[in-house]
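Below, each value reflects all heavy atoms present in this structure, side chains not excepted, and no hydrogens, waters or symmetry copies. Below, chain A is the first sequence line, B the second, and so on; all start at residue 1.
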Amino acid sequence: MQERVIYFDHAATTYVKPEVLEAMIPYFTQNFGNASSIYSIGRQNRNAIEDARSTVAKSIGAQNPSEIYFTGSGTEADNWAIKGTALYHQKKGKHIITSTIEHPAVLATCEFLQKQGFVITYIPVDNEGLVNPDDVDKAIRPDTILVTIMMANNEIGTIQPIKEIAQVCKKHGVLFHTDAVQAAGNIPINVQDLGVDMLSVSGHKFYGPKGTGMLYIRKGVRIENLIHGGHQERNRRAGTENVPGIVGFAKALELATLNLDAHYQKLYSLRERALKGIFERIPHVRLNGHREKRLPGNLNVSFEFVEGESILLMLDMKGIKASSGSACTSGSLDPSHVLLAIGLPHEIAHGSLRLSFGEQNTEEEVDYLVDSLVEIIDKLRRMSPLYEDYVKGV
Amino acid sequence: MQERVIYFDHAATTYVKPEVLEAMIPYFTQNFGNASSIYSIGRQNRNAIEDARSTVAKSIGAQNPSEIYFTGSGTEADNWAIKGTALYHQKKGKHIITSTIEHPAVLATCEFLQKQGFVITYIPVDNEGLVNPDDVDKAIRPDTILVTIMMANNEIGTIQPIKEIAQVCKKHGVLFHTDAVQAAGNIPINVQDLGVDMLSVSGHKFYGPKGTGMLYIRKGVRIENLIHGGHQERNRRAGTENVPGIVGFAKALELATLNLDAHYQKLYSLRERALKGIFERIPHVRLNGHREKRLPGNLNVSFEFVEGESILLMLDMKGIKASSGSACTSGSLDPSHVLLAIGLPHEIAHGSLRLSFGEQNTEEEVDYLVDSLVEIIDKLRRMSPLYEDYVKGV
Amino acid sequence: MMYSEKVMDHFSNPRNVGEIEDADGVGQVGNAKCGDIMKMYLKIEDGIIVDAKFKTFGCGAAVATSSMATELIKGKTIKEAEQITNKAVMEALDGLPPAKVHCSVLAEEAIAAALKDYRERHGLVEDSRYEGCAGCCGGCGAHDHGHDLENEED
Amino acid sequence: MMYSEKVMDHFSNPRNVGEIEDADGVGQVGNAKCGDIMKMYLKIEDGIIVDAKFKTFGCGAAVATSSMATELIKGKTIKEAEQITNKAVMEALDGLPPAKVHCSVLAEEAIAAALKDYRERHGLVEDSRYEGCAGCCGGCGAHDHGHDLENEED
Ligand SMILES: Cc1ncc(COP(=O)(O)O)c(C=O)c1O
Ligand SMILES: Cc1ncc(COP(=O)(O)O)c(C=O)c1O
């Protein structure tokens, strides 16, 4: 049993696809020249980077490749968008709007800015994790310089009405950034159609390499740099270009975009199969996030009377890799801020499980997951004093 | 002739060694789990990261692996050290000391801080590019919070008296950061012996991957984060860990450290051979940087009456890859700030060439370089109106 | 591996899970809000703990420390059981990650709570050491929670 | 490739390098501080440029534009030569990178300077258009230096 590995944690990170790694390999050992140098091998790398930029621009519907800036992670892209806007536009105002369910890359950045004298408004979400664009409308003040609301949530998968929020921001002349780290590769992204000013993506969520990311900055939008130094990325993001990383990022995004419909259908049907199995066979379960407006591969459920880490460990013993709330915070003692934000009581939030499906998962794996969960939840409930109280009617 | 490629630009970037790439490969496709997750494949990656941290700590003589923080580049490490100190210690003061010959990763960061109200003192260097520790001593004020002086210069290779500067800083209770991006892998680094508080390294300068870096932060030194978000790197540098990058970085640094003496000797002797050949066979040449206190693989020379880009292009046509001044600024119209800082007149600075030797270079390649330069410099001088004036005694 | 083999053994095959219908002392510590509840049942004869059982809602370490704690006190006198610290539980499990040290504290407290209950039922002297401690991390500050190791840097 | 094939051809095999001993007009523009100097020698007979030679200190584009400029004016009348703009030189070279457009400006100016010298020697009317322009980037502002394209963002 131990040998079998079934990976249901694609929202945390994905493997690098063989085609993507293959595209990267030549740039490690062969075409390694500095892309900023004048000689021919340097210029080859410059071309590789610019081709990658065009590919990425096309994949997200950007008007111009020059609107694409490569970064070292999704977190860096989020930090850059928010701090860069804050610094550049602080004379206009120091008010920033975000939501209560953002990723720590956004929330911790906002908290940092708060300590620097900025004022942050956190828009609450409803029980399914949705932000209401009207709430954004009402929260905007004359000194608001930025709205940052994620496109899709990493824990509960809820997809926000980004286009509507962008329209609200546009009406008020306020810049709008969206963290599309979970959305990229899973649902269509068209920055022009969405009307966003900035959009962050991270490579390792769609079978690209870790340590790569991108910030889309609409032409004409000015923000301060986050990483100062050399003239790379049109003077906006310094540091010798990670050519293999950039090539891999673009290749992965290109493949994901070409394959988006089939990918969506496949993940959706696996997710629905798991959902059906769990709800039919295990009592006292609750679905977290929106029933329809959610990422195709995301399933987040709470099992009453049991605790998430125990579920994870028992799944792991059966070879199943999943996540409780957010992978980043596992090991912490507080339940996920996202689950609390959608109104879950602490004890139920503690018993939540995130399953995120990927390209190589099969129906058979999903069935094995459901069988395993039936057994594990039963075992843990029989060990649980909360379940004892429930059964005894305390 | 075109087919031959001779790479003399290792200070700009290096290829990734096969052993290093081999060490990285499993972490792309196999061991890809999120290092922060609880299940077994995530924990394998956690172990890989912590092993890498220990390796790096040992390589630079850090007391404890927990003093090593992985970043996305050398530039990021420099930005973090400087801005992180500035933000955290600004209540003590807003004065920062650096030198006139730092890399743009440091200089542009200082300029940014200057715009934010910090005061920067630029210590000048002598004709050979050396900072005088006494000058640092005199420049320190009660409100000085940081001294940042690079360990070895990227253009002229001059190695600074870091230990002496660190002692000066310690005497005054001022934090000291050094950019060791060019030093790492080429000369010994022992952070405890040097007495530095922070030290930056970049992976792609010693046959490691691009898009990787490290900041050493001595235990007890507090600085603000540069990239906020998740709990990675002990809450100090957020973002899903680039496991293959970190593994490759550590492997490359380990190999470089094990092999340091032989590497030094080899590069030194190639450099001396080139130096001798050039000075014996080409008149009106000038060595830039210190004759002895310089990186073993660095040779920076100015050829009077000719311009650097022309030299580079002609070398490139012969398959030789080199750099003029700094790779980062090639294409710019201003001559290198480093060459101006050591007192070169503009027209001589324009005619400078940086050759940086590496592990796979041979004596035969060096001889071919010298032959090529003799021919190229002659051809360019015969085309040069400045040389015409010189010959005619104008 | 985040947990030692011993911890994983006690997590996957916990000893003494269950209730004791006619227990002489029952103690419950922790709360659901913090994600850990331990309930301990003791059967005590002639001052000796002849049986111990537990139910636990919590993480792997919570289950393992409960399991180990019941093993450690079985056959011991009340005095001996009282002297079993969270450190002893941890050591018996070959250690715990810093963030999980609080689970061993909870186990120590669960024993104490069950013994307190026993004494109350039998009119014996009270030990109020653990009063009001919900086991929620950062609460009472009386134990080596070990968090410093993890969170040295903020 | 940063430069077109034409540029590389004119850089590696520059036409008309050298001096003309008994030139009728000699012009030098640019300065060493900025990294570019072009010196142009013209031989003029009956108002026609029968020979042109140059010496250039500068980058690849500086050499190539010098070479191309001399080619373009050979056999032309003075009037015709005066109408050769930096754009014409660039087009003849299949374009230049934005940062190098100033080199074509320098070539245009070198021709003008040599023709000015010719006119001065022969007492003809002066064209003061290029007076005081050292060719240093961002100097006179009279030409499309093309730098905006590269440095749109600062
Ligand atoms: C001295 C020095 N510091 C910093 C850097 C920046 O490193 P990176 O480009 O890898 O971010 C470099 C090289 O580019 C360098 O030579
Ligand atoms: C929604 C969201 N934003 C940002 C990030 C940060 O991306 P990275 O860890 O690649 O920096 C993640 C994933 O970790 C995420 O899910």
Donor-acceptor pairs are to be reported for all side-chain atoms of residues 72-84 of chain A against protein atoms at under 3.5 Å, with residues two or more places apart or in another chain.
from	atom 1	to	atom 2	distance (Å)
S73(A)	OG	T75(A)	N	3.4
S73(A)	OG	E76(A)	N	2.9
E76(A)	OE1	G72(A)	N	2.8
E76(A)	OE1	R237(A)	NH2	2.8
E76(A)	OE2	R237(A)	NE	2.8
E76(A)	OE2	R237(A)	NH2	3.4
D78(A)	OD1	S200(A)	OG	2.7
N79(A)	OD1	K83(A)	NZ	2.8
N79(A)	OD1	T109(A)	OG1	3.2
N79(A)	OD1	H228(B)	N	2.8
N79(A)	ND2	T75(A)	O	2.9
N79(A)	ND2	T109(A)	OG1	3.4
N79(A)	ND2	H228(B)	O	2.7
W80(A)	NE1	E224(A)	O	3.0
K83(A)	NZ	L226(B)	O	2.6
K83(A)	NZ	H228(B)	ND1	2.7

Which atoms of [X] approach chain B - backbone, side chain, both or neither, heavy atom under 4.5 Å:
X	value
Q90(A)	side chain
L107(A)	neither
Q116(A)	side chain

Quick one: list whatever passes ring pair (Phe, Tyr, Trp, His ring centres under 6.0 Å) with F32(B), sequence neighbours left out.
Y7(A), Y15(A)
Sidechain-backbone polar pair: Q182(B) side chain, A11(B) backbone, donor-acceptor under 3.5 Å
yes
N225(B) side-chain N/O to I227(B) backbone N/O, donor-acceptor pair under 3.5 Å:
no
With a 4.5 angstrom heavy-atom cut-off, is it the side chain or the backbone of Q30(B) that approaches chain A, or both, or neither?
neither
Picking from V106(A), L315(A), V243(A), T14(A), which has the most non-hydrogen pairs under 4.5 angstrom with chain B?
T14(A)
Using side-chain contact (heavy atoms from CB on, under 4.5 Å), reason through K321(B) and I6(B) one step at a time and then give a plain yes or no.
CA-CA 6 Å; K321(B) 317 301 172 185; I6(B) 303 177; over 6 Å; no
